[in-house]
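Structure first, then comments.
It should be emphasised that the depicted structure is a prediction, and the values quoted were computed from it without experimental measurement.
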Protein chains: 2
Amino acid sequence: MPTTIQTPRALEKGTLRVIPTGGLGEIGRNMTVYEIDGKLLVVDAGVLFPEEHQPGVDLILPDFSPITDRLDDVLGVVLTHGHEDHIGAVPYLLRLRKDIPLLGSTLTLALVEAKLKEHRIAPYTMAVKEGQIEKLGPFELEFIAVNHSIPDALAVAIRTSAGLVLHTGDFKMDQLPLDDRITDLRAFARLGEEGVDLFLPDSTNADVPGFTALERDIGPVLDDVIARAPRRVVVASFSSHVHRVQQVLDAAHVNGRRVAFLGRSMIRNMTIAADLGYLRVPEGVLIDAKKAKDLPDDRIVYMSTGSQGEPMAVLARMANLEHQIEIGEGDTVILASSLIPGNENSVYRVIDGLTKLGAHVVHKGNAKVHVSGHAAAGELLYCYNILRPKNVMPVHGEHRHLFASAALAERTGVPRKNIITGQDGIVVDLRDGVAEVVGQLDLGFVYVDGSTVGEITDADLKDRRVLAEEGFISVFVAIDPATGRVVVGPEIQSRGFAEDESVFDTVRPKIIAALTEAAENGTRDTHAFSQVVRRTVGRWVNTQHRRRPMIVPVVISA
Amino acid sequence: MPTTIQTPRALEKGTLRVIPTGGLGEIGRNMTVYEIDGKLLVVDAGVLFPEEHQPGVDLILPDFSPITDRLDDVLGVVLTHGHEDHIGAVPYLLRLRKDIPLLGSTLTLALVEAKLKEHRIAPYTMAVKEGQIEKLGPFELEFIAVNHSIPDALAVAIRTSAGLVLHTGDFKMDQLPLDDRITDLRAFARLGEEGVDLFLPDSTNADVPGFTALERDIGPVLDDVIARAPRRVVVASFSSHVHRVQQVLDAAHVNGRRVAFLGRSMIRNMTIAADLGYLRVPEGVLIDAKKAKDLPDDRIVYMSTGSQGEPMAVLARMANLEHQIEIGEGDTVILASSLIPGNENSVYRVIDGLTKLGAHVVHKGNAKVHVSGHAAAGELLYCYNILRPKNVMPVHGEHRHLFASAALAERTGVPRKNIITGQDGIVVDLRDGVAEVVGQLDLGFVYVDGSTVGEITDADLKDRRVLAEEGFISVFVAIDPATGRVVVGPEIQSRGFAEDESVFDTVRPKIIAALTEAAENGTRDTHAFSQVVRRTVGRWVNTQHRRRPMIVPVVISA
């Protein structure tokens, strides 16, 4: 069980408990746990990507502790769509219990299965689609089509004896989507008539005024840029954005160009999407990247990963001339993607590198080559109005997004006391149309680093930040504890501090003197001698260099 | 002398040599060296702020090496305006020769003198103003008023026997500025008639279409936000943005509020600006921050630093509840500043923290509370057209900005061969109206860290990045080199790797075995034994943890 900040009361029969374990106060690691009558249902299990204050971390998982002791009570995991921030933690959850059933649309399950295969897990899955109703113990689930930046996304309505909950997953309300699959407002209306007791909407763009532009407006821009491009074209986008890739395929085809996919995830995801019929590949348009090199420059479009400036992805390697495709004068590069906050430096570094090589770089900042996948404020108002929910808990967002969505709810008439803006681990009980905050669990960040999960702690990250800022100085000495006389050392090593080791010449005698003096004053314990070394070196480095590297003293008795 | 990539030819008498030592390929550390007939002139000496791949660095200086051997030939440093990226490196330059004359406007010199005072340097200065002409040896300097986000900015026209150069410094072309001091297009027209042989324009916003909005449009928005604010108002802005602060003072005054300055640099700069008459303080509007607490909440505006989310500045501390002013429900916070690329994470973290505390946060993303200080593409076209320069070298920008400005020059009719887009250290010679690239110096980044300048190298930064990503494991052993027998140790220390030291229990016997085996195979040298330790630990950590921490082995003979 997790530690609690405010311990929730025992859950009574017939009351629904809702615990978001991720996604409140962050864009990522979305996961919500529902409980009633002793049974649990999980909606989504995503990852969060680390920021610069979490160096070296590969992924961040939701804290599973609210369910780790009760895995046998979990009836299923509903996956609303196939993005990493909603499915990325599934392998780590299934490591705890392999046969938890996964429910989701065909594409969502195909993507999660491909991911699980890499982890050598064959999951127990159940494909569902819009309109379908499934009963899982005390939970009746109704799936509703929603439109997002990946096909086949679903919202889920959860009916229990405690009331009706609507959990949107990520969505927007494009009224003319490429696949004609709009967010099902008729279903929202019907649920509204039935009475939605608790609404959990995607808040990512709640602070963006107005309406997200149509996906269909992107196609002609891509078409135009590709038509005018004198030489090669490289388009970078998210590797799961099937519709954007569809637009690129179509634009290339119209312009007599062939398309080669670059990047492992792009190739994998588009193969899945084409196999399942979500991506319609015009006859003869695809070509293997190796063969594409033999085509004339104005007959090829490369569709690649790396739109966020990820250093190991195709686009960044191109910008550094570390990719087999050498970008040069006359080439056109299109970043058909949003710029996720936090990635600006990396993305601009890539744009700058490509520009310096002579490429014409087209991106969201200078052309309409991408629209967001999330409902903006105007769209959310439609939802609040058609649903008229009794209670609202905005999810999927940093605090400013959650507060922005809450403000929209209030403006449509939801009473302020019925709007919950919380953080991960908040415990909300629903009964008789009343939603109440009854507790707060103390949930942490679970870091994945290499093959380890949860081994790296916040203390390690703090150490890493200090090491990054200042480097370290390690000092080894073996001493005679009776006299403080140095028998071996001081051996001083440093990294990230100064290249020239002669800087330490002045501190060695200070260490030797300080140890002797400490022994004269009665110090005998090696830990105490270590502290003497730390203080001596710390004082020296602060006075001489005005810096504060990590000091790692090792004193042993010889 | 710096190393060269392409060695320039010897400089002939009557030819002007131009070497930008900073500001080409980066926004910051602007500095350009001009040379003719054995004499040198420097325009600006600014700093660059480090990015996340330069951890722990305080400042980055231009590489002074092109002038370090010739300091006595430097006739002066022209400072175009008082921003850090144009004056911040002056203390470090004057450490090399204290009496290099500094030329600049009254405000610019006042700001640089305040900075130099902290470094205990009393400079030799010469105040100049728009319209003034000064002769420094072979250089005739004419100063021209330009409008920027700090008052009293100057462009400089440099006349030599080799031709006329116009160096703009940072500027924009607000046609209705608060101080009515517009960029002097009449002077540009006159210089254009005379014939500009080389034009070096600020390129920062060259890729922004259209025109920068008027500063005067900001005032009513600030006024409106402050008028509606129910409780306290905090405005964060750049501490040198005198006009923005003026607008806040005026808006506060109109709304019957008093203003308290928060943050050392805000107090210092505004005291200077008020003393010199650049800031007009309405009677009785200022109040000391300590006394402001006694005012009713709706009678106070705090004017603070920290608009870029700097962790130690006032605003970030408020967001973390680490400041004596505790932000709460009903407070309004205005970020009246641009969001400098790279700072997004820090700024959004601050906005999120303030929102969570209950504040209403107004920023450039949701209200028109700031405009840029740099000329956008539309404004640059005016300049190119009125000047009709023979040659152009865009400065002050990353490569995409320099290329964007070059494209604008070309569209106004400057022949492509007369447009130079280079990088720091490019050597350009001007003679008889012809500008030619004659060399490329290999100039590096000079890092300031604590009290050290240039001691931290790129190798140290690489070490710091590895330490940040992965932490380190240090292994100390004293061995008998004849047998490889471990006499002391292995003593293993790690930071940023794993909190639980028992993880190393399995590797200690491997180290001992590997050392014995190496000795049996004839190894005797401690360096070779160190390599054995490194390989053994490296292999273990890769297999067991799939990670690559820095491994620091220390092997000594006992």
State the CG-CD distance between A:N345 and B:E51, to the nearest 0.5 angstrom.
4.5 Å
For A:F403, the ring-ring contact (aromatic ring centres under 6.0 Å, His included) test, sequence neighbours excluded, returns none
Name the region of A:N366, side chain, backbone, both or neither, that has any atom closer than 4.5 Å to a heavy atom of chain B.
neither
At a heavy-atom separation under 4.5 Å, does A:Y348 approach chain B through its side chain, its backbone, both, or neither?
both
Report the option among B:E398, B:Q423, B:R465 that has the most heavy-atom pairs separated by less than 4.5 Å from atoms of chain A.
B:E398
With a 4.5 Å cut-off on heavy-atom pairs, point out which of B:T421, B:D449, B:L402, B:N343 contacts chain A the most.
B:D449
Check whether any side-chain heavy atom of A:Y447 sits under 4.5 Å from a side-chain heavy atom of A:L59, and report yes or no.
no
Say you draw a straight line from OG of B:S451 to CD of A:Q544; how long is it, rounded to the nearest 0.5 Å?
8.0 Å
What part of A:R548 gets closer than 4.5 Å to chain B, counting heavy atoms only: side chain, backbone, both or neither?
neither
Residue selection (most heavy-atom pairs with chain B, distance under 4.5 Å) from A:D463, A:D58, A:V503
A:D463
Is it the side chain or the backbone of A:L461 that comes within 4.5 Å of chain B heavy atoms, both, or neither?
neither
Will you find, in the side chains of A:D460 and A:T457, an N or O donor that is under 3.5 Å from an N or O acceptor?
yes
Identify all side-chain donor-acceptor contacts of residues 488-498 of chain A below 3.5 Å with residues at least two apart in sequence or on another chain.
unit_1, atom_1, unit_2, atom_2, d
A:Q493, OE1, A:R495, NH1, 3.3

Checking B:F529 now: which residues fulfil ring-ring contact (aromatic ring centres under 6.0 Å, His included) with it, not counting sequence neighbours?
none
If you take all heavy atoms of A:A468 and B:P55, which pair is closest and at what distance?
O-CB, 3.1 Å
Write out, in numerical order, the residues from residues 353-361 of chain A with a heavy atom short of 4.5 Å from a heavy atom in chain B.
A:T355, A:K356
Angle class for the A:W540/A:H545 ring planes (parallel below 30°, perpendicular above 60°, tilted otherwise)?
perpendicular
